[in-house]
Colleague: 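Sharing a structure below in structure tokens format, with a few things to ask.
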Number of protein chains: 2
Amino acid sequence: MNVATDGTAQGRWIIFSRGPEHSLTLHLSAFVRLASADREILTQALQRRVRILEPRQDIIREGERPRFVNVILEGWAQRYKQLADGRRQILSFFIAGDLCDANIFILKQMDHSLSTVTRVKLAEISQSEFQEIMERSPRIAQALWWNELVTVAIQREWTTNIGQRTAYERIAHLFCEMFVRLRTTGRTDDDECEFPLTQSEIAEATGLTQVHVNRTIQEMRRDQLIELRNKRLKVFDLDRLMSVALFNPNYLHLDHEGLA
Amino acid sequence: MNVATDGTAQGRWIIFSRGPEHSLTLHLSAFVRLASADREILTQALQRRVRILEPRQDIIREGERPRFVNVILEGWAQRYKQLADGRRQILSFFIAGDLCDANIFILKQMDHSLSTVTRVKLAEISQSEFQEIMERSPRIAQALWWNELVTVAIQREWTTNIGQRTAYERIAHLFCEMFVRLRTTGRTDDDECEFPLTQSEIAEATGLTQVHVNRTIQEMRRDQLIELRNKRLKVFDLDRLMSVALFNPNYLHLDHEGLA
DNA sequence: TCGCTACATTCACATGCGTTAATCCTGAGT
DNA sequence: ACTCAGGATTAACGCATGTGAATGTAGCGA
């Protein structure tokens, strides 16, 4: 696949492309316009250690010591957290181009877990590599701050989502967020996008039960809001979906200088 | 008040002290041991622009352009977010020593609001001052990253709290978090601490209604878990409170090198 | 084709929490 | 002491969402 040099397809996400030679080229064309030297630095970093993981597999678990910054190159991944008695909350989703935790080695141990949703291709960046990148390019260092600020903003929105919205609104909001993020990185096809989550996973992400998610999605289908099957989501009218979800994309902070 | 040079009282929070001459001295003795030069830099930055705000007053509102990093010197403040129809979610609380949003100027506009809970004394740090600090002291810059990582971790815990815990557990968890954070900064008195929130505010922070918060707190009182009146919280048995809340303090990341 | 297995769907019933709206405190100011 | 206002408390009632468990369905390997 190729990528994202026009306004539409740029975003917070670090997006990559395969050139004709199938080598990865990284664009942290997020937030700042990076010089080609910066791009080169990132491209290098992403090639050093690449792994492929099967679906529903842990990347790192709560309590473990973080050793790498993970960058998702293909597929969906997620953060989650489990209470002592097993209840599980999904905290966020990662899609291609997302950087999991800049500077995570500063923390002694993970307070949550990372796992794949689909089959995932990711790049691991070691602490020393990471520090070198930050030192060599202040632009990238600033882009990483920006990335982190957006990450917190998304987490705040999720808190609000679960705390204030009804089941119907919550699920609609999740659809909006993922659709917009995928579109920003050029991964939508008109009014459709991939959506590899099971209803149980939607439930764990929204603080609902799987049964109620099922009921609610059927209601959304009846309302002609969406279609969801075979791991694909179709949004008939995004404005309407955003409206019923009380979705305000401001928290994604897509209004940065990287955009046209 | 004086502060926090021993292990117990150090924490993630940037704590300050009044010397005998009533001048502020800042300790970002969080996470890293700072050199006295670093301390001096921070002390300076915190003296330049100090404001006092009355209770329940906005500091900055969603949509506005951020101009300062705010550091809380005294009192409690909060983040909140409001949906288009008025529903409000409180997203986190700040206590003395907390730094609101490092590098916030990177974002074009606020995606949430900041307001006081009690009367608050805060220091504003401008963009240029802030950048200068980061450049002059890499130790501080790293401490700021650490601070940001803990901020996201707390937000994740709040998401989990609202998504998975029952009303009783949620409120207990909030009590635990604030008690532990206050204790870490030396602001508890044995088994008691200040707790200036109204039941309505507890409700907005936990995604419950004020009526149900009231019911639940009475139940906690009957269970001899806590006492709460006159804006003071008494915790009879912190271990038991943590246990019913399924509270695991790992997300506060207090196990850093700054600690003895 | 059979029979897994993982999901999605349905059903009957229970309940935790929300809603609305009085009424009751308590502390601060006069 | 008296008053007032902002909380806290109580009550009656409703509903959104949870629980537990059965049934349906589609893909996939043997």
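Labels below follow one simple rule: chain letters A, B, ... track the order of the sequence lines, proteins then strands, and each chain is numbered from 1.
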Colleague: Which is it for A:I125 and A:L99 under the side chain to side chain contact (heavy atoms under 4.5 Å, CB included) test, yes or no, and what are the steps along the way?
Modeller: CA-CA 10 Å; A:I125 306 178; A:L99 184 147; 5.7 Å; no
Colleague: Check the distance between D:dT17's C1' and A:R170's CZ and give it to me in whole angstrom.
Modeller: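 So the two atoms are 9 Å apart, to the nearest Å.
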Colleague: For A:Q210 and D:dA22, give me the distance from atom CD to atom P, rounded to whole Å.
Modeller: 15 Å
Colleague: Round to a whole Å and report the spacing from CZ of A:R87 to P of D:dG18.
Modeller: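 It is 13 Å, rounded to the nearest whole Å.
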Colleague: For the residue pair B:Y80 / B:E201, report whether a side-chain donor-acceptor contact shorter than 3.5 Å exists.
Modeller: no
Colleague: In whole Å, I'd like the distance from the CZ atom of A:R215 to the C1' atom of D:dC15.
Modeller: 12 Å
Colleague: Are B:D101 and B:R79 ion-paired here, with the side-chain N under 4.0 Å from a carboxylate O?
Modeller: yes
Colleague: Pick base, sugar-phosphate or nothing for B:I217, based on heavy-atom distances below 4.0 Å to the nucleic acid.
Modeller: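 Nothing: the residue B:I217, judged by heavy atoms under 4.0 Å, touches no strand.
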Colleague: Can you measure A:E169 atom CD to D:dT17 atom C1' for me and round it to whole angstrom units?
Modeller: 14 Å
Colleague: Rounded to the nearest angstrom, tell me the gap between atom CG in B:L228 and atom C1' in D:dT9.
Modeller: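 So the CG-C1' distance, B:L228 to D:dT9, works out to 14 Å.
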Colleague: Could you state the atom-to-atom distance from NE2 of B:H212 to P of D:dA11 in whole Å?
Modeller: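 Interatomic distance, NE2 of B:H212 to P of D:dA11: 16 Å.
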Colleague: Looking at every strand, decide which applies to A:R221 at a 4.0 Å heavy-atom threshold: base, sugar-phosphate, or nothing.
Modeller: sugar-phosphate
Colleague: Base, sugar-phosphate alone, or nothing: which one does B:T209 contact when heavy atoms must sit under 4.0 Å apart?
Modeller: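 Touches a base.
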Colleague: Calculate the interatomic distance between B:N214 atom CG and D:dA11 atom P; express it in whole Å.
Modeller: 11 Å
Colleague: Any luck finding a side-chain donor-acceptor pair between A:E62 and B:N250 under 3.5 Å?
Modeller: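 The criterion, which ignores hydrogens and geometry beyond distance, is satisfied for B:N250 and A:E62.
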Colleague: Please compare A:V213 and B:Q199 by the position of their nearest nucleotide in DNA chain D and report the one closer to 5'.
Modeller: B:Q199
Colleague: Tell me, with the steps shown, if B:I162 and B:Q89 meet side chain to side chain contact (heavy atoms under 4.5 Å, CB included).
Modeller: CA-CA 11 Å; B:I162 298 176; B:Q89 176 70 42; 3.5 Å; yes
Colleague: Does B:E157 come within less than 4.0 Å of B:R165, counting only side-chain N to carboxylate O?
Modeller: yes
Colleague: Anything under 4.0 Å to a heavy atom of chain A counts; send over the first and last such nucleotide of DNA chain C, read 5' to 3'.
Modeller: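 The protein-touched segment is C:dC7 to C:dA12.
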Colleague: Kindly say whether the aromatic ring centers of B:W76 and B:F195 come within a distance under 6.0 Å.
Modeller: yes
Colleague: Tell me which of A:A167 and A:V211 sits closer to the 5' end of DNA chain D, going by the nucleotide each one is nearest to.
Modeller: A:A167
